[in-house]
Chemist: 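Just dropping this structure here.
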Amino acid sequence: MSSMDEDKELVARSIKGDKEAFEMIIQKYQQPLLNYIGRTVGERELALDFTQEVFIRTYSSLHSYKPQYKFSTWLFKIASNFIIDYWRKKKIDAFSLDHQERDNDLPPLQVPDKELPIVKKLEFSELKGRIEQALEKIPAPLREVFVWRHINEFSYEEMAEIKGLPVGTIKNRVFQARELIRKRLEEMV
Amino acid sequence: MKCLSIEQIYLYIEKELSLSESKIIEKHLATCRKCKSALEERRPLLQASASLPLWQAPPDFAQQVMARIFPIRVPLSSWLTAAYAGLGSISLAIFILFLVTGQNFSTLLTGLNHSLWNLVRNLSPVFVKLFKVASLFVRTLQQFFEYIVKALASLTAIVSPQVQIIIITIAIVLIAFSIYGIKRKILIGEKA
């Protein structure tokens, strides 16, 4: 049985009142969800609380899940909306990149004529540590897609489905996130 | 062919391009040092990003979530058992009192009521005084801490961090000496 089919079966059993089935869903997705939420909000305790809340929200809206969609995509959509609510409450500018025209405002992605070799010079373990620091310093919507791509290993198509945006827009955001991280690394050196 | 875009470089590293597109890019990279250098700069960035340490959930995380979704409810039968036990105990106590004193039920209840009322009447002024003293103490303590917070706030606003450290150190030393002095005075007083 594929992972997708397994998820659908677990959801169907959970709707029928099988508690064990929902516990299996939690066990399967707790780490990917915690890593997404954790890297996005930056605090472990807060991330654990939020992850719990997302699972509770998911359980209470299981009846609205449509089996033609991938369960993981639907789960991360709930998580993403939860994070947006949090940003809204904290008055973090989470929406500035939610408009197509704002994405187009971002600088063009072209190879500069002269570029300092920053990444190449760093040791691999040091580079990872610096990326973690730099990740906290980039805009929240870019951080979100960066985490999905590199930590959750989502495809561009899956991310586009979660956010309800064109694949091109998502790709552009991921590239911008990487370039911004590289820029922050440059500032750190 | 003109130089590559950052987008093409990333898609090439991620193997997201078709075979023909990749071949065109490889052909360009073989002749363009600028684009090759940009690619070499970004490849380790992607490799490191994909191997960032993962956050681990506590081992009982799933159980914690399940406990929040399905809180344990005490069944009605347990509540009824507790109520029966309470009622039984009261009845037994009244029966024992009846056996010991030999008084009938209504006299026993009236006597119990009188004793309770006397207890409340005697203790209430004590409780009122205790409450007044406690509230006065809390208010004084609150005011004291408010002054300390205000003083610290104005201190941090006016004085530089180095001077703040010096002032706080002097204050701690003074308090320590004061406590030591008071202790010695008490000891001398005890000896005298």
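Lettering of chains follows the sequences in order, A, B, ..., and the numbering in each one begins at 1.
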Chemist: Is chain B contacted by the side chain of A:K121, its backbone, both, or neither, given a heavy-atom distance below 4.5 Å?
Modeler: neither
Chemist: Please classify the contact between A:R44 and chain B as side chain, backbone, both or neither, with a heavy-atom cut-off of under 4.5 Å.
Modeler: both
Chemist: I'd like to know which of B:A57, B:P44, B:P53 tops the heavy-atom pair count under 4.5 Å against chain A.
Modeler: B:P53
Chemist: Using a cut-off of under 4.5 Å on heavy-atom pairs, state which of B:A48, B:A50, B:S5 scores highest against chain A.
Modeler: B:A48
Chemist: Measure distances from A:Y59 to the heavy atoms of chain B and classify the residue's part below 4.5 Å as side chain, backbone, both or neither.
Modeler: side chain
Chemist: Centre-to-centre under 6.0 Å for A:Y29 and A:F76, is that the case here?
Modeler: no
Chemist: Against A:E6, only a single residue in A:K70, A:K28, A:R13 fulfils salt bridge (charged side-chain N to carboxylate O under 4.0 Å, His left out); can you say which?
Modeler: A:K28
Chemist: Under 4.5 Å, counting heavy-atom pairs only, tell me which of A:I25, A:N35, A:I181, A:T51 racks up the most with chain B.
Modeler: A:N35
Chemist: For B:E16, is it the side chain, the backbone, both, or neither that has a heavy atom closer than 4.5 Å to a heavy atom of chain A?
Modeler: side chain
Chemist: Cation-pi check for A:F82 against A:R57: NZ or CZ below 6.0 Å from the six-membered ring centre and within 45 degrees of the axis, yes or no?
Modeler: no
Chemist: Please classify the contact between B:I9 and chain A as side chain, backbone, both or neither, with a heavy-atom cut-off of under 4.5 Å.
Modeler: side chain
Chemist: For the rings on A:Y69 and A:W74, is their centre-to-centre separation under 6.0 Å?
Modeler: no
Chemist: So what's closer than 4.5 Å to chain B heavy atoms on A:I131: side chain, backbone, both or neither?
Modeler: side chain
Chemist: Give me the ring orientation class for A:Y36 and A:W148: parallel if the planes are under 30° apart, tilted from 30 to 60°, perpendicular past 60°.
Modeler: tilted
Chemist: Side chain from CB out, backbone as N, CA, C, O: work out which of these in B:R43 comes under 4.5 Å of a heavy atom of chain A, or both, or neither.
Modeler: neither
